[in-house]
Amino acid sequence: MTTATPAATEAKRVEVTDLDIYYGSFHAVKSVTMTVQPNKVTAIIGSSGCGKSTFLRSLNRMHELIEGARVEGSVILDGQDIYASDVDPVNVRRQVGMVFQSPNPFPTMSIADNVAAGLRLNSRKAKKEELDEVVERSLRGANLWEEVKDRLDRPGMGLSGGQQQRLCIARAIAVEPEVLLMDEPCSALDPVATLAIEDLIGDLKENYTIVIVTHNMQQAARASDLTAFFNIRESGDPGELVELDRTDKIFSNPENKATEDYVSGRFG
Amino acid sequence: MAHGSRTQYREELAGLETRTLEGLDLVVTQIDRVVEAAQQQDIELAEWVISDDDRIDGRYLEVHQHILSMLALQAPVAGDLRVIAALLHTIKHIERMGDQCVNVAKLLPLAGHEPPRHPELLAKLIQMGRLARAEVIQSKQAFVMRDATLAEDLVLQDREINRLNREIFRDAVDIGDEPDVREWAMTVTMMARAFERIGDNAVDIGEQVAFVVSGLFREFSDSSTPPPAAG
């Protein structure tokens, strides 16, 4: 049972309707309709190749970096279809941030510059005091400030894996997105760093809408409010959304037999 | 970093324990009411006890569902797992204690609004109710404080309830030939049996406390062996 706490900031919901995703002639994800709830953590689970990462990337048009990628259907963020012809994908990615599987701080930059990088890339002219404030606020938001405040000018690569991932989360929230996407954010981390990130995810949902793709079912169980199970019928078929429900329902009494088999480990 | 991690889970587990053990407070309230109802032959108060059992049943369902969620979502291990297993047993005992209060409340009107009552027998029944109440409170304290010694002491407290239960049975057998009095005395033996069961449930909760503390489950007393010779 999740305790309902009032959101500190009302984040934005994402309405996905009849979304099909293709890479050239390959149909990767078929006809997904779902609502990503604001100020909640939605986990996406499913076996490899079920389209969950592709679906996640489609929520900020990151999958378009692969040639031949196209979508049908709509993804509405705050009343705006992010695939409308007049929408700039760079602006979408500012509103919908992404944290990747392996921590990827910019190798030549200091801790502070890593956090401020997004602001600079978004070409906002900011004064130093303003940047300092954003750096501190973002590092605090990522539960990293206390650990790095005395070495902000040191390289980001000098941090531990878990700290680097929290640095990447700080970098993602520095530009004040509406939605945070996380693609297996803990798969390269040890259990202690993993729990720290999961705690952080719990804190972040007060201000953001979060979608997390994870192979780790226990992580989905621990860290999310809602869980979406993706599956493919046969090898080569497109991935489909099988079931989306409250996480406690998915893990104690799912509606669909395929979901039950997957969460019970009887799959494949 | 590890020390302060999983804060939300820890708070949730602590909250689950609190909600479960608060069920014992609900039982204490029900015992208080049903003891007063027995003392005053207050049928209205007895009916209140019957209807208010829904609160304990509701708490049982709430805790049961919460425990299932915790097991499914958090995969608790070691001490946390023992606590959750103990809470699942404890909430069942609480639900049974609530039912025993209802049993007493349902027996009260059977002998009529003004039954011919035997003061000495009634006093023993009331004393059993008070002892059962004390055991319920002690079981909660032992759980909250993780005090295995206090938990095992419940066995000693329970002996007095068991002794009174046997006494009430003998008294009822010897109470005379007056049909109305005999009928009332029969209901008293059944009420005594209900209080005696509440005591047993409190001891069972004590066994769960010892399990939480030590990791080993054992019954405090073997109910298949005869009780010690009572005075």
Side-chain angles (χ1 to χ4, degrees), chain A residues 1-5 41 43 45 142-148 159-163 165-166 186 189-206 214 216-227 245-254 259-260 262-265, chain B residues 1-26 54-92 94-95 143-144 212:
Chain A
M1 254 173 263
T2 311
T3 334
T5 45
V41 179
I45 59 171
N143 284 349
L144 190 59
W145 175 251
E146 292 301 326
E147 292 161 63
V148 301
L159 300 173
S160 73
Q163 289 172 326
Q165 193 61 304
R166 280 182 283 145
C186 302
L189 305 181
D190 70 27
V192 173
T194 295
L195 291 177
I197 298 284
E198 288 178 10
D199 283 350
L200 174 58
I201 290 170
D203 294 340
L204 287 172
K205 74 175 177 187
E206 289 195 11
T214 177
N216 180 338
M217 274 184 282
Q218 279 67 43
Q219 178 164 72
R222 287 190 298 258
S224 73
D225 304 300
L226 298 139
T227 295
D245 212 324
R246 293 192 333 267
T247 297
D248 63 337
K249 176 86 164 48
I250 292 285
F251 283 90
S252 59
N253 188 20
T259 313
E260 171 124 19
Y262 184 73
V263 298
S264 314
Chain B
M1 188 160 35
H3 183 68
S5 66
R6 299 192 79 186
T7 319
Q8 198 184 343
Y9 160 66
R10 291 187 186 290
E11 285 172 3
E12 201 181 335
L13 184 56
L16 175 64
E17 180 173 330
T18 303
R19 288 294 286 172
T20 308
L21 298 182
E22 276 173 2
L24 290 167
D25 300 336
L26 298 177
D54 286 350
R55 286 213 296 160
I56 295 178
D57 291 346
R59 185 65 62 101
Y60 171 79
L61 293 173
E62 175 201 321
V63 167
H64 180 260
Q65 184 56 46
H66 198 167
I67 286 173
L68 285 190
S69 289
M70 291 285 276
L71 290 172
L73 303 183
Q74 301 291 353
V77 295
D80 292 350
L81 181 60
R82 296 205 300 278
V83 168
I84 287 189
L87 291 177
L88 189 55
H89 282 288
T90 298
I91 198 64
K92 187 69 195 164
I94 287 169
E95 192 268 337
F143 206 122
V144 170
V212 168

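Atoms considered below: every heavy atom in the structure, side chains included; atoms not considered: hydrogens, waters and symmetry mates. Convention: sequence-line order gives letters A, B, ...; per-chain numbering from 1.
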A/S252 and B/A72 have their tightest heavy-atom pair at CB-CB, 4.2 Å
Rounded to the nearest 0.5 Å, what's the gap from CG on A/D203 to OG1 on B/T7? Could you check? 7.5 Å
Might you point out which heavy atoms bring A/D199 and B/R6 nearest each other, and give the distance in Å? OD2-N, 2.7 Å
Would you compute the distance between atom CE of B/M70 and atom CG of A/D248 and round it to the nearest 0.5 angstrom? 12.0 Å
What distance do B/Q8 atom CD and A/I201 atom CD1 have between them, rounded to the nearest 0.5 Å? 11.5 Å
